[in-house]
Amino acid sequence: MSETKERSQLLLLKNSFNKDFKFTNKEIAQNVHWLRQIVSILVGIIVGSIPVIGFPGFIAFLIFTCGFVAIYYTKVLEIEEDDFKWELMREGFMSSLTIFVISWIIAYNSLYV
Amino acid sequence: MAALEVLFILFVSIASSLASEGVSWLLVYRTENYKRGKANIDRLQIQLDKLVDQESETSSLSKKGNKDKKIEKIEEQLKIANKELSFSKMKSMFAVAISMIALFSYLNRIFDGVVVCKLPFVPIGFLQGISHRTIAGDDYTDCSMTFIYAICSMFIRNNIQLILGTAPPKTKQANPWALPEEKKTR
């Protein structure tokens, strides 16, 4: 049984919303990781620009990123395994939290300090 | 401009991470030993996934018992292979540690006592110690280089490793909300 060659992460990301594209579990996890980073940066910039100050910023982060992941795996990927759902929800969480904070700080300081 | 200082720290951190991954590649990732270990893990993982898929399809009890043993055996092999690979990676940890310490010292000298940026939140408890390090005054939204550096390090290293494909194999953590698996009848 020959191993299938790993597909480019960029290719996977480009097709992340393509319902006809077949993904392995590992590839799905990778896509969720990167999509989450992107969403976190966007939320960070928006929150920093408004600006949201203090704890509500973190609440916004949780709502938007977890909400996005949940919608993505139920509506786009139609995943039904509970264990895998939980795995995807955790995927890239710490990275996205820190990238959110940096985006928030940079946006806030660019506009208000 | 405060944002520029944050961006400077960010880019220096990225450059440093790339450099340390480069060193790690030289020391560890390109060696035949490591490549074999990684290929082994990938192969075992594929076998395991296949068996698990088959198990969910098959409802027969007798076949199930047999498959369970195979699954346990492969999981054991995976554990051993992962351990061996982790040992190889210890060398790369030194490279990372050295580059992080060197970079931190350098940035520390440049930004000693400098308010790098204003935080849009007041850090809680122990984080104040980090974010307010070497800064005078009691306005805790003032932020030192240390905090920015720590945050940058967290996402930069993870993401670079994912891009380069050098991320360590993940250990599965239990789903805290999952119903406990029914004990298998034999």
Side-chain angles (χ1 to χ4, degrees), chain A residues 1-4 6 8-10 13 24-26 29-31 33-34 36-38 40-41 44 47-59 61 81-113, chain B residues 1-10 13-14 39-40 42-43 45-47 49-50 52-53 56 115-124 127 131 141-143 147-165 167 169-170 172-179 181:
Chain A
M1 167 61 176
S2 62
E3 242 176 346
T4 47
E6 262 193 29
S8 152
Q9 290 186 46
L10 204 55
L13 202 54
T24 66
N25 281 4
K26 188 184 174 188
Q30 233 168 39
N31 268 3
H33 178 98
W34 290 119
R36 193 185 212 124
Q37 309 307 303
I38 294 169
S40 296
I41 292 174
V47 163
S49 303
I50 291 177
V52 179
I53 306 290
F55 194 63
F58 291 101
I59 297 295
F61 164 78
E81 268 179 80
D82 282 341
D83 276 353
F84 192 47
K85 280 180 179 177
W86 169 246
E87 207 173 304
L88 290 183
M89 189 56 77
R90 283 178 39 242
E91 179 69 33
F93 179 80
M94 274 320 285
S95 291
S96 62
L97 174 60
T98 53
I99 212 169
F100 162 76
V101 170
I102 287 292
S103 305
W104 189 7
I105 290 172
I106 291 176
Y108 178 72
N109 280 264
S110 298
L111 298 174
Y112 299 103
V113 173
Chain B
M1 197 188 189
L4 288 183
E5 284 176 324
V6 177
L7 286 171
F8 171 75
I9 296 173
L10 179 61
S13 296
I14 291 175
N40 192 35
D42 289 343
R43 199 188 79 252
Q45 189 65 57
I46 288 171
Q47 280 181 38
D49 289 343
K50 213 176 293 179
V52 170
D53 284 349
S56 59
V115 176
V116 165
C117 67
K118 201 83 170 170
L119 292 175
F121 55 90
V122 177
I124 54 169
L127 288 181
S131 69
T141 60
D142 287 340
C143 182
F147 186 68
I148 300 298
Y149 179 75
I151 290 182
C152 288
S153 296
M154 285 177 80
F155 76 82
I156 286 168
R157 180 129 196 276
N158 281 350
N159 284 336
I160 283 179
Q161 282 187 330
L162 192 57
I163 291 173
L164 299 180
K170 285 171 193 173
K172 262 196 174 184
Q173 283 173 36
N175 182 352
W177 294 302
L179 296 176
E181 268 186 49

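A, B, ... follow the sequence lines: proteins, then strands. Residue 1 opens every chain. Source: prediction; values computed, not measured.
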Taking atom CD1 of B:I156 and atom OG1 of A:T98, what is their separation to the nearest 0.5 Å? 8.5 Å
What residue among A:F55, A:F58, A:Y108 forms ring-ring contact (aromatic ring centres under 6.0 Å, His included) with B:F121? A:F58
Can you find a pair of side-chain heavy atoms, one from B:C143 and one from A:I105, that are under 4.5 Å apart? no
Chain B contact via A:V52 - side chain, backbone, both or neither, heavy atoms under 4.5 Å: backbone
Heavy-atom closest pair, residues A:N109 and B:A3: CB-N, 4.1 Å
Taken to the nearest 0.5 Å, the spacing of A:S96 OG from B:F155 CZ works out to 11.0 Å
Separation between NZ of B:K118 and CD1 of A:I53, rounded to the nearest 0.5 Å: 10.5 Å
Any B:N159 side-chain heavy atom under 4.5 Å of A:I99 side chain: yes
